[in-house]
Undergrad: 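Take a look at the following structure, please.
Below, chains carry the letters A, B, ... as their sequence lines are ordered, and counting in each starts from 1.
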Amino acid sequence: MITINNLHASIDGKEILKGLNLEVKAGEVHAIMGPNGAGKSTLASVLAGREEYEITDGSVDFDGKDLLELSTEDRAREGLFLAFQYPVEIPGVSNVNFLRTALNEIREYKGEESISAKDFMAMVREKSAIVELDAKLASRSVNEGFSGGEKKRNEIFQMAMLEPKLAILDETDSGLDIDALRIVANGVNTLKSKDNATIVITHYQRLLDYIVPDFVHVLYNGRIVKSGTKELALELEEKGYDWIKAEVDAH
Amino acid sequence: MGYTENELAKDLENQEYKFGFVTNIASDKAPKGLNEDIIRFISSKKNEPEWLLEHRLKAFSIWKEMTEPEWAHVHYEKPNFQDITYYSAPKQTKKYESWDDVDPELKETMAKLGISMEEQQRLTGVAVDFVMDSVSVATSFKSKLKELGIIFCSFSEAVQEYPDLVKKHMGTVVPVTDNFYAALNSAVFTDGSFCYIPKGVRCPMELSTYFRINEGGTGQFERTLVVADEGSYVSYLEGCTAPQRDENQLHAAVVELIALDNAEIKYSTVQNWYPGDKEGKGGVFNFVTKRGICEKNAKISWTQVETGSAVTWKYPSCILKGDHSIGEFYSVAVTNNFQQADTGTKMIHLGKHTKSTIISKGISAGKSQNSYRGLVQIHKNAEHARNFSQCDSLLMTDECGAHTFPYIECKNSTAKIEHEATTSKIGEDQIFYCLQRGISEEKAISLIVNGYCKEVLNQLPMEFAVEAQKLLAISLEGSVG
């Protein structure tokens, strides 16, 4: 699905990613953990195509395409979805209008017909149920006046609507109470299939009780320094990151 | 709305100012310059009664003593008033008896502007008065309206046919002494629209005037007078375009609205005069005085979408004279490149329990300057007057400017006045969010801007709202920096 090779990225001349390697196959869920400032959110931003970051070296293959050559919108249209840590408010633009525009742009890119209003609304009803999102929220302005939990649920709702190949969840658990966490995780699990993949970026092990990863990676100082299965996450929860830092710094 | 983003995208393919063409039609012009003879020339061309000529001459003598206002936050080279042609009319000045008589060139012009006087209008139910340069050239639906006692015709015609109504109301809301441009207009106005809705009548269709400057070197000075008699209702639309020219053309209009007891007037404008080119050359100077007066329990609502003109100086206002009267002002003003706009409103509360609402949305792009200027005045007898103002500014680049000049004068302690203002830069975060969902930057801007203006666009009649959305997108094409 995605192969990241020796990725170096910097912002304002400061290098954040320093030779990151990662391979995610279809059907897999990967968790990326790490201490503050390790470069977790930078990785999400770079993959999604935020312009402030400069890629200085490395390559990213996304389903046979050179991801770094694609514009931000084309990455999305190719099936890369980022669930934002801080979803953005767009006053006056209804969620449904926003999503219908997005969906039709993606369809047009793929050479498909626009979705009819009727089919679209049926889809909205079906997908909003996955994250128990009140149908009223679908017609409200994008994220405006949403609670923290509603914003995150709305991200997963959008993911359900756009049916991406690769979803990157950037700290989706931050600011969620336990009920919202369960709902969001359920949504992600429901959408999981053998044809798509998920990268879960998180600080805490808590989310991984609900979204069970196939692999866990530790990102530290711009590199993946340790990989393992879900037991690694439990170990991190128990022991913190210091032992890994010590291990890496000793080399 | 039945209008989808895809349709919008198609409409956007033609992104440049698309009304910049010139109609090749013979015209009857006065010599350049302004003096009493020119005024007499205009008045006699229009076969006006003596009182109107006197009114013009009086306005002219007042104007000569006045100086051009400089307080607005705009900079431009003042027009040379002796270098303007004050009267220019398409040669065939007689009113067309039927559609078949209309000059084919003129028909084509209207078609290009999207004004169809024929079947389509019958379907959408909009009556149109078409004013080109100095005269009204065609009015539709007149007979149908007449059955209801509604008068909708050109101003010149009203002077001939309904002199008493014109004489009674003209200049009562905007007196000739009001300001420099209003005085100039009062001296040299050539045509415009007139509308009278009789007592208790609800006008069944939108009335619309379409203004078009065609000739080079001319100014357009039109007057609109709308009188809504007791308990009546009318919704009035106004659209404007001009050819692309290197020179600055002057447009100084006066609009007067009179809403008698329990009457309601809704006045919507989509202003798309030629804004000048990307370097700031050419464009229309739009110096307009618009004001309405509300008697008891009456309501006047101004909605404007201002995207055109090189310089805009315009403050559609309400005098809330009658108790329980209501004034509203909804505005979107977009400036791009080197455009400058100084626009806003005045809400003058005289009556008790009067209420006003001001929603202003400024959008600045390029190197433009966009100012909101508003006055809320509560007089001492205006017990329990209320005002709510919201003035938002959206910046698209680092080189443009947004300014807000709100004035509040309150002489009654029972008044309740609220003012909210925000300034924001179009969020790179918002655009990135849209891009990440597969939406192109162009569409993202269109979505965000239309969302930002929604409260105002919602006030417009349906067809106009669609037109306005398109205009906003075109005006802001490629403007994020």
Undergrad: Could you check whether atom NZ of B/Lys367 has more than 12 heavy atoms from other residues, nucleotides or ligands sitting under 6.0 Å from it?
TA: no
Undergrad: Measuring heavy-atom distances to chain B, does A/Pro164 have an atom under 4.5 Å in its side chain, in its backbone, in both, or in neither?
TA: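 It is neither, since no heavy atom gets under 4.5 Å.
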Undergrad: Please find the pair of heavy atoms, one from A/Ala76 and one from B/Gly438, that lie closest to each other, and give the distance.
TA: CB-N, 3.4 Å
Undergrad: Which atoms of A/Glu78 are under 4.5 Å from chain B, going by heavy atoms: the side chain, the backbone, both sets, or neither?
TA: neither
Undergrad: What's the separation between atom CD1 in B/Ile439 and atom CZ in A/Arg100, rounded to the nearest 0.5 Å?
TA: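 Rounded to the nearest 0.5 Å, the CD1-CZ separation comes to 13.0 Å.
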Undergrad: Flag this pair as yes if the NZ/CZ of B/Arg437 is under 6.0 angstrom from the six-membered ring centre of A/Phe98 and inside a 45 degree cone about the axis; otherwise no.
TA: no
Undergrad: Let's test your reading of the structure: which of A/Leu82, A/Ile106, A/Leu162 forms the most heavy-atom pairs below 4.5 Å with chain B?
TA: A/Leu82
Undergrad: Is A/Arg75 close to chain B through its backbone or its side chain, or both, or neither, when contacts mean heavy atoms under 4.5 Å?
TA: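 Contact with chain B is absent: no heavy atom of A/Arg75 under 4.5 Å.
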Undergrad: Any chance CZ of B/Phe388 has more than 12 other-residue heavy atoms, nucleotides or ligands included, within less than 6.0 Å?
TA: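 Result for CZ/B/Phe388: enclosed.
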Undergrad: If you round to the nearest 0.5 Å, how far is NZ of B/Lys454 from CG of A/Asn97?
TA: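 Here the interatomic distance stands at 7.5 Å.
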Undergrad: Can you say whether B/Tyr433 sits under 4.5 Å from chain A via the side chain, the backbone, both, or neither, judging by heavy atoms?
TA: both
Undergrad: Quick check: does any side chain N or O of B/Gln436 sit under 3.5 Å from a backbone N or O of A/Thr72, one acting as donor and the other as acceptor?
TA: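 Absent.
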Undergrad: When rounded to the nearest 0.5 angstrom, what is the spacing between OG in A/Ser71 and CD in B/Glu441?
TA: 10.5 Å
Undergrad: Which region of A/Leu80, side chain (C-beta onward) or backbone (N, CA, C, O), has a non-hydrogen atom less than 4.5 Å from a non-hydrogen atom of chain B, or is it both or neither?
TA: both
Undergrad: Can you tell me how far CD of A/Glu108 sits from OG of B/Ser440, rounded to the nearest 0.5 angstrom?
TA: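 If I round to the nearest 0.5 Å, the distance is 9.0 Å.
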Undergrad: Take atom CD in A/Glu51; do more than 12 heavy atoms of anything else shown fall under 6.0 Å from it?
TA: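 Incorrect, the count does not exceed 12.
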Undergrad: Counting neighbours of CG on A/Asp12 that are heavy atoms of other residues, nucleotides or ligands and sit closer than 6.0 Å, is the number greater than 12?
TA: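 Atom CG in A/Asp12 is not crowded, with 12 or fewer foreign heavy atoms closer than 6.0 Å.
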Undergrad: Check whether any side-chain heavy atom of A/Ile90 lies under 4.5 Å from a side-chain heavy atom of B/Ile448, and answer yes or no.
TA: yes
Undergrad: For A/Lys151, look at atom NZ and say whether over 12 heavy atoms of other residues, nucleotides or ligands are found less than 6.0 Å away.
TA: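 Atom NZ in A/Lys151 is packed in, count exceeds 12.
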Undergrad: Starting from the C-alpha separation in whole Å, work towards a yes-or-no answer on side chain to side chain contact (heavy atoms under 4.5 Å, CB included) for A/Thr101 and B/Leu447.
TA: CA-CA 9 Å; A/Thr101 305; B/Leu447 267 182; 4.2 Å; yes
Undergrad: Under a 4.5 Å heavy-atom cut-off, does chain A meet the side chain of B/Cys434, its backbone, both or neither?
TA: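 For B/Cys434, the contact with chain A is made by backbone and side chain together.
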Undergrad: Write down the atom of B/Asp429, the atom of A/Val88, and the distance for their closest heavy-atom approach.
TA: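 Taking B/Asp429 first and A/Val88 second, the nearest heavy atoms are O-CG2, 3.7 Å.
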